[in-house]
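Reviewing the structure listed below.
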Amino acid sequence: MSDVLLSEADMNFLVFDWLKLEEHLEGTDFDRDTAEAYFELSRKLAAERFLPHYKKADEIEPRLEDGRVKVLPEIGDALAEFRELGLFGANFSEDLGGMGLPQLVTSASYAWFAAANGSSVGYTMLTGANARLIAAFGSDKQIDTFARPQIAGEWFGTMCLSEPQAGSGLGDVRTVARHDGEDELGQRYKLTGNKMWISGGDQDISDNIVHLVLAKIPDESGKLPEGTKGISLFIVPRTLPDGTTNDVAVAGLNHKMGNRGTSNCLLNFGENGGATGWIVGEPGHGLRQMFMMMNEARIAVGFGAAALACRGYLLAANYARERLQGRAPGKADGPPIAIIEHADVRRMLLVARSYAEGSMALCLLSSALVDNESDPEDAALLELLTPVTKTFPSEYGLKANDLAIQVHGGYGYTRDFDVEQLYRDNRLNPIHEGTTGIQAADLLGRKVLRGGAGLQVLQKRVAATVGAAREIDGLREEAEAVEAAIQLVSETIMAIASRPPAEMLDNAASFMSGFSLAVVAWIWLDQAVTVAGLGNDHSASDVFRKGKVATARYFIWHELPHAEPFLAQAASDKDTIMALEAEAF
């Protein structure tokens with residue numbers, strides 16, 4: 001039972017029927033058969049090479065020996081096979097050594113690995129995002145030297161943003177980059193400083209590690225520029241092109257609550273004079289460039305959270321079918337029944353399913369939007385939904401994992417069952433790659449109050465879904481509820497915009513919660529519309545169809561109403577939370 005990962009029926013429905021993958025494949029050398037073969041390969045590799053060491057990687061953490069980080073060998077073995085199959089570069093163009101697959105295909109594939117062993121596959125996510133940034137902004141020589149080996153899976157990559165004194169406040173970065181000449185790789189610098197929370201910061205399972213480091217270039221007087229506009233981005237490899245070791249040292253390892261298979265390091269740059277690095281593009285453009293990698297990572301975090309939530313839900317559902325406890329109502333002398341026959345257990349399973357499958361659908365939708373980014377509407381919607389895609393699965397996927405433990409009862413609280421570890425692993429996701437609070441401020445401050453294009457696209461697409469749902473028996477009231485929720489979002493935005501600027505973001509997290517529930521309710525309604533349109537010759541069973549529609553209706557009627565108090569708080573002109581002085585806490 002513990003080998004369950006994701007629902008193949010649900011993934012196929014989301015990818016092929018709801019998001020219409022075959023339209024994404026038009027004009028490529030791939031078809032549905034190719035995609036299905038790729039998914040089958042992913043499922044098989046995830047189950048056979050990544051899942052078997054899931055618990056072992058949790059028990060045997062990375063360790064620091066003689067200045068190098070040693071990780072569980074099975075992680076390296078699994079990633080070596082991942083590399084041999086060409087999966088590191090699957091969504092890169094063939095010109096760069098990839099397969100040229102759409103993002104929707106590789107994201108759906110990634111979900112299987114994230115469900116099996118998120119900490120092991122996390123190395124691939126960071127590596128791919130690192131290589132994509134260099135391919136977008138680096139010189140031809142930088143791409144050949146540093147991106148191509150990552151696309152091939154021979155080298156791994158990291159992102160080095162946070163510092164011990166700065167955390168997420170990147171304007172306070174104090175890592176210094178001093179010009180050191182020029183060579184065939186571009187303008188060369190010597191970097192000194194410290195970076196914290198570097199996932200994959202060191203390990204012994206790749207030939208090299210390419211660090212992308214945010215740093216500041218001092219002026220002639222030696223003063224560093226203030227704020228984020230003075231941040232530049234540098235390529236700093238662990239091993240230099242001439243084979244010598246760069247001046248990058250591991251100062252320590254972070255011992256985490258979960259997600260332990262991914263090494264997490266404090267790195268010191270320049271203990272012996274300066275770590276050699278090459279600037280990417282022009283000085284002062286570093287944060288803008290890094291946002292490309294951060295946004296990709298944020299969607300990947302959403303996928304990781306959704307995958308853990310889906311696996312936890314499926315494990316709980318299987319356990320509930322097998323665990324016998326109690327009797328049927330009115331049959332005290334009858335035989336024990338499976339706990340799935342108890343109303344409260346079914347309630348917990350339905351809640352968990354609505355969160356988990358809703359999260360997965362949101363993430364896959366975002367991947368489909370990445371494929372269509374050349375379309376202005378899709379690009380605007382992707383920009384709006386990226387913070388939601390990171391946040392909703394992280395927050396509500398964790399709730400789904402909490403319910404999976406509850407369904408297991410006391411057993412769920414023990415390490416004998418995977419649901420305990422799934423919860424611990426998922427607890428990281430509301431924190432890294434931008435906390436929930438940071439995502440909420442980004443959504444409200446940048447994407448809504450200062451933007452608006454994405455919101456208009458969302459409203460247009462919700463209207464289309466609502467119009468289609470009104471034509472379907474059994475979905476008319478649900479359509480009205482979703483339409484009303486989106487209208488309430490618009491009214492809330494107008495109320496927030498009327499507040500003093502200093503107070504507009506005080507309740508950003510409440511806005512994120514209400515907005516996310518409205519978005520996911522729309523996604524559930526849209527799935528129900530798709531189910532209604534499936535022909536009688538479709539492979540989806542009646543049980544699957546009924547389950548999908550029932551879960552959509554549950555979410556709209558019982559979860560969506562929670563959006564109203566969240567949005568009311570966000571719109572309120574009463575004293576905000578900042579009215580309470582710090583000394584009072």
Side-chain angles (χ1 to χ4, degrees), residues 1-15 39 42-58 78 107-122 124-125 257-262 300-323 340 345 348-364 392-408 411-430 547 551:
M1 185 179 73
S2 64
D3 62 352
V4 64
L5 295 178
L6 300 174
S7 165
E8 186 174 347
D10 190 49
M11 293 295 286
N12 285 340
F13 166 79
L14 292 173
V15 170
F39 293 148
S42 302
R43 288 191 292 268
K44 183 175 171 44
L45 184 61
E48 294 180 358
R49 300 308 303 269
F50 283 76
L51 182 61
H53 66 271
Y54 175 61
K55 295 187 77 66
K56 188 174 181 181
D58 183 65
S107 293
S109 163
Y110 179 83
W112 287 93
F113 292 100
N117 197 322
S119 62
S120 291
V121 79
T124 74
M125 180 272 287
M257 172 181 171
N259 202 37
R260 293 173 176 167
T262 303
V301 167
F303 267 108
L308 293 176
C310 286
R311 183 167 183 242
Y313 156 70
L314 292 173
L315 288 173
N318 286 346
Y319 179 83
R321 293 187 189 97
E322 297 176 2
R323 171 66 172 169
I340 200 169
V345 172
M348 290 188 286
L349 290 173
L350 188 53
V351 175
R353 176 180 179 175
S354 75
Y355 295 163
E357 293 184 2
S359 294
M360 185 61 73
L362 171 63
C363 293
L364 289 169
F392 183 87
S394 297
E395 295 284 350
Y396 283 83
L398 188 65
K399 294 177 187 288
N401 287 127
D402 179 79
L403 288 166
I405 291 174
Q406 193 72 11
V407 169
H408 281 74
Y411 289 112
Y413 197 63
T414 70
R415 295 186 181 179
D416 297 326
F417 288 78
D418 283 4
V419 290
E420 174 267 344
Q421 185 181 338
L422 291 171
Y423 181 89
R424 287 190 289 107
D425 287 348
N426 216 351
R427 186 59 188 85
L428 175 63
N429 290 318
T551 309

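Quantities reported herein were computed from a predicted structural model and do not represent experimental measurements.
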Return the orientation label for the Y396 and F392 ring planes: parallel under 30°, perpendicular over 60°, tilted otherwise. parallel

What class does the angle between the rings of Y319 and H408 fall in, given that below 30° is parallel, 30 to 60° is tilted and above 60° is perpendicular? parallel

Where is the tightest heavy-atom contact between [X] and [Y], given as atom of each residue plus distance?
X: A307; Y: A115; value: CB-N, 3.6 Å
X: I340; Y: V345; value: CA-CG1, 4.1 Å
X: C363; Y: P393; value: SG-CG, 3.9 Å
X: N426; Y: A309; value: ND2-N, 4.1 Å
X: A46; Y: W112; value: CB-O, 3.7 Å

Within the 4.5 Å heavy-atom criterion, are [X] and [Y] side-chain neighbours or not?
X: Q421; Y: R415; result: no
X: L428; Y: M257; result: no
X: Y110; Y: T124; result: yes

With R321, which residues qualify under side-chain hydrogen bond (donor to acceptor under 3.5 Å, both in side chains), at least two apart? N318

With sequence neighbours excluded, residues passing side-chain hydrogen bond (donor to acceptor under 3.5 Å, both in side chains) with R427: none

Determine yes or no for a side-chain-to-main-chain donor-acceptor pair under 3.5 angstrom, with [X] supplying the side chain and [Y] the backbone.
X: S120; Y: N117; result: no
X: N401; Y: L308; result: yes
X: R311; Y: A116; result: no
X: K44; Y: F39; result: no
X: N429; Y: S394; result: no

Rounded to the nearest 0.5 Å, how far apart are [atom1] of [X] and [atom2] of [Y]?
X: R49; Y: F113; atom1: CZ; atom2: CZ; result: 11.0 Å
X: L14; Y: L362; atom1: CG; atom2: CG; result: 11.0 Å
X: K399; Y: S354; atom1: NZ; atom2: OG; result: 11.5 Å
X: L5; Y: C310; atom1: CG; atom2: SG; result: 11.0 Å
X: L398; Y: L422; atom1: CG; atom2: CG; result: 11.0 Å
X: L403; Y: M348; atom1: CG; atom2: CE; result: 7.0 Å

Can R260 be said to sit on top of Y54's aromatic six-ring, NZ or CZ under 6.0 Å from centre and within 45° of the ring axis? no

Pairing donors with acceptors under 3.5 angstrom, does anything connect the side chains of S109 and S42? yes

Go through the side-chain N and O atoms of D425 and N259 and say whether any donor and acceptor fall under 3.5 Å apart. no

I'd like to know if R424 pairs up with E420 as an ion pair, taking the criterion as any Lys NZ or Arg NE/NH1/NH2 lying under 4.0 Å from an Asp or Glu carboxylate oxygen. yes

